[in-house]
Amino acid sequence: MTRSNPIPSPEIPQQRVEARYGVQAAFSPPFWNDTIDTLLDHRTARAYLPRALPDGTLELLVAAAQSAPTSSNLQAWSVVAVRDKDRKARLAGFTGGNNHIKDAPVFLIWLIDLKRLRTVASNHGNQGEGLDYLESFLIGAIDAALAAQNAVAAIDSLGLGSCYVGGIRNKPEEVSRELNLPAETIAVFGLTVGYPDPTVKTDVKPRLPQSSILFHETYSEAARDDLDSYDEVLKVFQQKQGLPQNGWTAPIAQRVQNADALKGRAELSQTLRRLGFAIK
């Protein structure tokens, strides 16, 4: 298959775009291929079959993850694969629930890993002072996110399912002890992986309209009408999923309301220093 193909029929691409935004497509894709189709059809899976992944699957996903770009080839991330039932249960407890962590055959925990870089610097006779600055921590977070998303794209392409778990940052010190993490490493998010349970219906969750996030040349404020319209689109999705029909803006406003809304993550800067990060 070529990397970009002219579209023989607009039906499937239009359906994918409309599902992604929950409204009639505002543009016509000029190209289409299996990669684009997989990306636009992504959905979260929180229910899994009790079925192990075939041997080699984990390693294949990590190879896909390592194929992502990395700043200056620093590769400032690592990942811990957890299969042990009891450990998954404890990790689920640290996140405040998330039963799909216990149900998934594999729970991947993605780390910012500056420890390896510190060792490299030491082996070459310097202290690695550059690792003490916020820039290096940010590189680790970006590298981990890029790698994980590459893995998610591979997961989707294989007919598997996944779900990111940001709650792994709720109790970072407990997670660090559970995983025996050294100083200058921290879990930034988890990812459940497995075979989705076909009896549990999942739909593509509509995203904000492009008019709210795509700007040309300079930044513009999102129009209030766009956000109001998106509220209604998301309420339709929530109804289909049997969820409370709260839309988007009200829950988001609550999510960023105050320190308590961060569910323990408001102390992250102090925690990072206790875990060995200088963060100048």
Side-chain angles (χ1 to χ4, degrees), residues 4-7 9-47 96-98 100 138 141-142 145-146 148-150 152-153 155-156 161-167 169-170 188-189 191 196 200-266 268:
S4 60
N5 301 327
I7 299 176
S9 168
E11 183 177 350
I12 291 178
Q14 293 299 110
Q15 289 175 352
R16 290 284 189 257
V17 173
E18 290 176 8
R20 179 49 65 202
Y21 294 106
V23 295
Q24 186 173 355
F27 68 98
S28 297
F31 301 103
W32 202 255
N33 58 28
D34 290 346
T35 300
I36 299 295
D37 192 76
T38 297
L39 291 173
L40 266 68
D41 197 41
H42 171 74
R43 63 204 57 204
T44 293
R46 292 186 176 89
N98 292 297
H100 54 287
L138 186 59
I142 294 170
L146 292 174
Q149 188 54 34
N150 250 36
V152 167
I155 288 165
D156 289 348
S162 66
C163 179
Y164 280 109
V165 182
R169 297 190 302 279
N170 289 2
V188 282
F189 47 81
L191 185 74
V200 178
K201 179 176 172 56
T202 59
D203 289 312
V204 172
K205 182 182 288 186
R207 299 298 196 220
L208 283 163
Q210 289 196 7
S211 55
S212 291
I213 58 94
L214 172 61
F215 311 122
H216 298 277
E217 310 303 339
T218 60
Y219 184 88
S220 300
E221 291 282 350
R224 176 66 183 267
D225 288 348
D226 286 348
L227 299 181
D228 290 344
S229 296
Y230 182 55
D231 267 337
E232 297 308 312
V233 167
L234 210 55
K235 286 176 183 177
V236 172
F237 167 82
Q238 291 161 344
Q239 183 180 34
K240 289 180 180 178
Q241 295 291 298
L243 300 171
Q245 297 171 47
N246 298 325
W248 185 73
T249 57
I252 293 302
Q254 186 175 15
R255 174 64 177 79
V256 300
Q257 182 177 5
N258 52 34
D260 289 342
L262 298 180
K263 299 180 180 179
R265 304 176 210 176
L268 186 57

When you measure from the side chain of [X] to the backbone N and O of [Y], does any donor-acceptor pair fall under 3.5 Å?
{"X": "R16", "Y": "L39", "result": "no"}
{"X": "R46", "Y": "H100", "result": "no"}
{"X": "Y230", "Y": "P206", "result": "yes"}
{"X": "R207", "Y": "G22", "result": "no"}
{"X": "D156", "Y": "D41", "result": "no"}
{"X": "R43", "Y": "T202", "result": "yes"}

*If you measure only the distance, is there a donor-acceptor pair under 3.5 Å linking the side chains of N246 and Q238?*
no

Kindly compute the distance separating [atom1] ([X]) from [atom2] ([Y]), expressed to the nearest 0.5 Å.
{"X": "T38", "Y": "I155", "atom1": "OG1", "atom2": "CD1", "answer": "12.5 Å"}
{"X": "H42", "Y": "Q149", "atom1": "NE2", "atom2": "CD", "answer": "6.5 Å"}
{"X": "S212", "Y": "E221", "atom1": "OG", "atom2": "CD", "answer": "11.0 Å"}
{"X": "L208", "Y": "S229", "atom1": "CG", "atom2": "OG", "answer": "11.0 Å"}
{"X": "Q15", "Y": "L40", "atom1": "CD", "atom2": "CG", "answer": "12.5 Å"}
{"X": "L234", "Y": "L227", "atom1": "CG", "atom2": "CG", "answer": "12.0 Å"}

*If you take all heavy atoms of A45 and G161, which pair is closest and at what distance?*
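For A45 and G161, the tightest heavy-atom pair comes out as CB-CA, 3.9 Å.
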
*Looking only at heavy atoms, which two atoms of A47 and V200 are closest? And how far apart?*
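Reported closest heavy-atom pair: CB-CG2, 3.6 Å.
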
Do the non-hydrogen side-chain atoms of [X] and [Y] ever get within less than 4.5 Å of each other?
{"X": "K263", "Y": "R169", "value": "no"}
{"X": "L262", "Y": "L268", "value": "no"}
{"X": "F27", "Y": "V17", "value": "yes"}

*A26: what forms a side chain to side chain contact (heavy atoms under 4.5 Å, CB included) with it, not counting sequence neighbours?*
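A26: no side chain to side chain contact (heavy atoms under 4.5 Å, CB included) contacts found.
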
_Going by the rule ring-ring contact (aromatic ring centres under 6.0 Å, His included), which residues pair with Y219 if we only count those two or more places apart in sequence or in a different chain?_
F215

*Which residues satisfy the ring-ring contact (aromatic ring centres under 6.0 Å, His included) test with Y164, sequence neighbours excluded?*
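ring-ring contact (aromatic ring centres under 6.0 Å, His included) check on Y164 returns F189.
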
*Decide yes or no on side chain to side chain contact (heavy atoms under 4.5 Å, CB included) for V236 and Q245, but give the supporting numbers first.*
CA-CA 8 Å; V236 172; Q245 297 171 47; over 6 Å; no

*asked:* Show, in sequence, the C-alpha distance, side-chain angles and deciding distance for W248 and V233, and conclude whether the side chain to side chain contact (heavy atoms under 4.5 Å, CB included) test is met.
replied: CA-CA 9 Å; W248 185 73; V233 167; over 6 Å; no

*For R265, check salt bridge (Lys or Arg N to Asp or Glu O under 4.0 Å) against everything at least two apart and list the hits.*
none

_If the condition is salt bridge (Lys or Arg N to Asp or Glu O under 4.0 Å), which residues does E232 pass it with, not counting sequence neighbours?_
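K235.
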
*Which pairs, with at least one residue in residues 251-261 and sequence neighbours excluded, count as a side-chain hydrogen bond (donor to acceptor under 3.5 Å, both in side chains)?*
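Every candidate side-chain hydrogen bond (donor to acceptor under 3.5 Å, both in side chains) pair involving residues 251-261 fails, so no pair, neighbours aside, qualifies.
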
*Derivation of the side chain to side chain contact (heavy atoms under 4.5 Å, CB included) call for I36 and F31*: CA-CA 9 Å; I36 299 295; F31 301 103; over 6 Å; no

*Take T44 and K205 through the side chain to side chain contact (heavy atoms under 4.5 Å, CB included) test and state the conclusion after the steps.*
CA-CA 8 Å; T44 293; K205 182 182 288 186; over 6 Å; no

